[in-house]
> 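Please read through the structure below; I'll follow up with questions.
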Amino acid sequence: MSIGQAISRLDGSRKVTGRAKYTADVEVEGALHAVLVPSTVPSGTIAAIDAAPAEDAPGVVRVFTHLNTPKLAEMTNPPAGQTIMPLQGDRIFYEGQPVAMVIADTLERATEAARRVQVTYRNEPFATDFIAGLDRAEARPLFGLPPDSSVGDIEAALSGTNVRVESVYGTADRHHNPMEPAAVTALWQDGRLEVYDAVQGVVDTRNTLALALQMEPQNIRVRNDFVGGGFGCKGWLWPHEVLAALAARELSRPVKLVLTRAQSYTSHGYQPASRQTVTLAARSDGALTGIRHQSVLAGSLSGDHVEPSGWGTPALYASPATQATHRVVRLNRGNPTPMRAPLEGVGLIAVEIAMDELAYELGIDPLALRLRNYTEIDPAEGKPFSSKKLRECYAEGARRFGWSSRTVEPRSMRDGRNLIGQGMATALFRTFRSPAKVRIGLDQSGEVLIETSTQEIGTGVYTIFPQIAADVLQMPVERVSLSLGDTNLPESPMNAGSRATLSTGSAVQDAAAKLKAKLAEAGATTPDGYAEAVARQGVDRIEAEGDWTPPEEATHAMYSFGAIFAEVGVDEDIPIPRVRRVVGVYNAGRIINPKTARSQMTGGVVWGIGQALLEKSEMDQQHGRFLSKNLAGYLVPVNADVPEIDVSFVDDFDEHVGPLGARGIGELGAIGVGAAIANAVFHATGIRVREVPIRPEHLLAMAQSSY
Amino acid sequence: MSPIEITRRALLEGTAATAMITALPDHGASAQQTPTGGAGESELMVRLQINGKTHSLDLDIRSTLVDTLRERLGLTGTKKGCDRGECGACTVHIEGRRVLACMTLAAAAEGKEITTIEGLADGDTLHPVQSAFIGHDAFQCGFCTSGQIMSAVACIREGHAGTEADIREFMSGNLCRCSAYPQIVAAVKSAAQIQGI
Ligand code: FES
Ligand code: FES
């Protein structure tokens with residue numbers, strides 16, 4: 001049984017020796033370097049562009065501008081990250097929009113020449129201020145679905161009720177910032193395009209690139225061995241990828257393009273800021289009678305992304321009436337995109353702080369209030385959950401954290417100069433499933449190779465998929481390896497929305513079972529006979545194809561769950577909130593590898609700490625641009641920010657979700673943490689901060705009043 | 001430390017760069033400057049000693065150490081995460097000390113002993129810090145890992161791995177967006193113990 005074992009990553013030795021090849025590491029003979037020239041204004045037209053100084057610079061092969069770039073197809077978002085395709089006209093929709101691309105023989109020369117492109121803009125009025133635009137929010141579809149949904153009679157529920165809390169909550173613009181900047185190397189040969197691309201989905205990238213370039217998908221191959229993190233920004237197809245491919249085609253030479261860190265802030269999305277009004281109505285015993293969750297999201301004129309922050313709300317609690325609405329304020333900014341964690345990662349900040357407010361309003365313990373409204377069926381769809389062990393998560397989390405020794409009153413706990421606060425929240429994330437195909441083969445030396453197009457973005461598929469196959473074949477996992485990240489392999493989905501293990505893993509299991517049957521037919525009933533059986537057949541290897549397709553009609557509602565408990569300390573005089581510890585207990589079906597799963601959840605909790613206390617991309621409204629396009633001004637958590645984190649799972653086998661019994665975990669870890677921390681800050685200080693990140697300035701009132 | 005510290009900014013400032021280079025003291029007789037046309041562009045023959053091997057190459061004077069390792073020498077284990085000294089992904093050792101290769105001009109590293117992640121293991125035997133990173137699952141995507149490990153080796157050598165709080169503080173120049181931080185601390189701690197530090 002290798003499923004369920006805490007096996008160290010099989011790609012570990014490659015990663016610790018520098019041998020793991022990421023996209024920008026792939027050596028391509030004679031590759032030219034591309035450097036983009038981003039627009040410096042957020043709105044207007046290009047009045048004049050003079051590429052000559054760049055063209056005359058040493059080593060420059062070509063400068064592409066809107067005047068000489070071939071036409072691309074019109075695109076929809078998704079599968080493109082935005083609808084505006086690069087270098088297609090003189091109109092500027094956002095600061096950072098590429099206005100030229102310089103191709104030269106070395107990176108230094110391309111970088112220098114890019115500085116020499118002279119662009120004159122005809123400026124036009126722009127709107128980049130989300131808050132100022134709230135009154136012109138529009139109703140637009142969310143991924144083609146209606147922006148509003150409701151269950152029961154929300155108006156009646158809100159009017160005829162005992163207790164009601166209503167507040168407005170805010171989340172900030174945040175940037176993904178994977179450590180690996182987006183990178184792409186494109187090769188054009190005999191009418192075919194080969195693209196090394198740091199993406200979360202090679203198949204999606206190939207198909208979308210084919211649309212943009214008006215090529216046949218079979219003439220494009222997209223590959224990667226290792227991706228240095230994605231977190232959503234390497235999901236859909238973005239302009240820099242199209243441009244690199246187009247340049248390779250136009251020049252018939254390999255072209256390498258790596259975005260600078262600064263460019264990454266305007267090139268592949270961000271999580272949009274939100275303003276969310278949550279109204280909770282309850283009876284005095286705590287039973288919810290209505291939940292209204294109205295979200296207004298920042299959006300853009302360059303695409304159609306509307307963050308579905310309210311999608312998960314109806315599934316949270318046993319409320320007879322729930323309404324979730326979404327509006328969007330379109331701005332002169334790059335298009336937002338999903339970011340760890342999307343949907344509930346944005347929405348539960350509001351709803352779970354509101355639940356804490358309701359608990360205090362009613363005088364009920366926050367955990368007791370959640371339990372009072374526990375539901376075994378999804379109120380939105382009226383279906384039972386495929387498996388839900390959230391009750392066990394609450395109990396285990398409370399035990400590990402020591403919740404029962406918390407005193408209820410705000411400002412009632414302290415440790416020296418620090419006010420101590422403890423808060424909790426629920427985490428929930430919708431399960432996404434996609435069809436997947438896998439090929440598996442065993443050779444004469446008894447080595448197994450799994451082949452599928454999936455990507456290794458850090459979630460551990462190089463380890464988890466071999467574990468699944470080894471489990472079926474009853475072999476040591478070290479004898480199983482995985483070839484991935486290539487559209488020439490059987491197709492599996494994008495690594496996004498926590499679907500890889502569940503979807504592709506199920507196909508691996510199917511393929512392994514079929515291989516086992518073939519080996520049995522060939523006379524091998526036990527693993528020691530496998531290699532011989534292959535030899536006896538006189539073939540190099542015995543292969544099997546497996547697949548998995550989620551059923552069209554789901555009989556159950558599928559979500560992963562968690563209970564998060566956080567403790568903060570706030571110095572009375574210098575009110576910098578600091579997280580002291582976090583306990584997260586999760587239920588996501590069967591856990592294939594507790595070691596990698598634990599790392600993933602721990603990482604998610606750190607993302608939650610970043611969301612709660614650090615991460616915010618400020619807009620410079622004067623110039624219509626993000627202010628700090630670097631890792632010095634945009635604060636991601638560093639080692640010294642990270643406290644003791646205790647994550648664990650309530651393991652079970654979810655028989656309805658798929659044959660592996662596992663649901664997704666990748667996004668889940670980043671959910672609930674922000675609200676738990678915000679609730680802890682209230683408990684510590686008595687100040688209810690309704691927006692994240694929570695910064696010292698939010699708590700200054702407290703410091704002042706104590707003088 | 002070399003007698004003259006050539007800062008990257010000085011070199012990038014066109015003519016100033018030329019002046020600086022000409023003023024270089026005899027820093028390896030090989031340092032030869034050849035103008036290659038274009039304002040401020042010139043090449044320099046530089047001898048770099050990396051992982052015990054000497055490499056002689058004609059370099060654009062603007063080349064940083066990280067770009068030289070990656071684009072010219074095929075040593076892609078060193079990563080470029082920001083190119084501005086903010087993330088630590090490019091950490092290498094120069095004369096045993098941790099240095100950001102994106103903030104170091106290749107020319108300024110001439111004659112010094114450079115160690116990259118590729119030079120850390122002893123043949124097939126991993127360095128104790130490398131093994132500890134695997135054992136403690138101190139990475140996910142692995143992109144920051146070369147830099148984390150080079151930093152960790154130096155952190156232990158500097159005597160900053162005595163307590164968890166110290167490790168956290170002295171490893172905070174290396175960002176990990178996958179956020180393997182607690183496991184990194186555990187790995188550094190156990191590697192330091194194994195090395196008897
Ligand atoms: S690449 Fe050198 S510090 Fe980021
Ligand atoms: S392991 Fe991915 S950034 Fe550190």
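Quick note on labels: first sequence line is chain A, next is B, and so on, each numbered from 1. We use all heavy atoms of the structure for the numbers below, so side chains are in, but hydrogens, waters and symmetry mates are not.
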> Indicate yes or no: at least one non-hydrogen side-chain atom of B:C141 is less than 4.5 angstrom from one of A:V227.
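Contact flag for B:C141/A:V227 side chains = no.
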
> One pair to check against side chain to side chain donor-acceptor pair (under 3.5 Å): B:Q183 and A:T602. What are the steps and the verdict?
CA-CA 9 Å; B:Q183 302 95 289; A:T602 304; 4.8 Å; no

> By a 4.5 Å heavy-atom criterion (distance strictly below it), what part of B:D67 contacts chain A: side chain, backbone, both, or neither?
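It is the side chain, since no backbone atom gets that close.
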
> A side-chain contact here means heavy atoms from C-beta on lying under 4.5 Å apart; do A:M179 and B:C87 qualify?
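SC-SC contact between A:M179 and B:C87 confirmed.
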
> Tell me, for B:L75 versus chain A, whether the close heavy atoms (under 4.5 Å) come from the side chain, the backbone, both or neither.
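The answer is neither part of B:L75.
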
> Tell me whether B:K79 is salt-bridged to A:D25, with the criterion being a basic N under 4.0 Å from an acidic carboxylate O.
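Result for this pair is yes, salt bridge flagged.
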
> Any donor-acceptor pair under 3.5 Å linking the side chain of A:R261 with the backbone of B:G81?
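Side chain of A:R261 to backbone of B:G81: a pair is present.
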
> Out of curiosity, A:E27 CD to B:E71 CD, how far, rounded to the nearest 0.5 Å?
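That separation rounds to 9.0 Å.
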
> Does the side chain of A:P181 reach to within under 4.5 Å of the side chain of B:K80, using non-hydrogen atoms?
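A:P181 does not reach B:K80 side chain to side chain.
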
> Using a 4.5 angstrom heavy-atom cutoff, name the option from B:G142, B:G77, B:S146 with the most pairs to chain A.
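With the most close heavy-atom pairs to chain A, the winner is B:G142.
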
> Side-chain donor-acceptor pair under 3.5 Å between A:N639 and B:S172, yes or no?
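No, because no side-chain N or O of A:N639 sits under 3.5 Å from a partner of the opposite role on B:S172.
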
> If contact means a heavy atom pair closer than 4.5 Å, which residues of residues 116-126 of chain B contact chain A?
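B:I117, B:E118, B:L126, listed by number.
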
> Could you look at B:Q130 and say if it's the side chain, the backbone, both or neither that has a heavy atom under 4.5 Å from chain A?
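Interface part for B:Q130: both.
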
> Distance check, rounded to the nearest 0.5 Å: A:L635 atom CG versus B:L175 atom CG?
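So the gap between those two atoms works out to 10.5 Å.
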
> Quick one: do A:T459 and B:Q140 satisfy side chain to side chain donor-acceptor pair (under 3.5 Å)? Show the steps, please.
CA-CA 6 Å; A:T459 54; B:Q140 291 176 44; over 6 Å; no

> With the side chain counted from C-beta on, respond yes when A:V636 and B:R177 share a heavy-atom pair under 4.5 Å apart, and no when they do not.
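Touching, per the 4.5 Å side-chain cut-off.
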
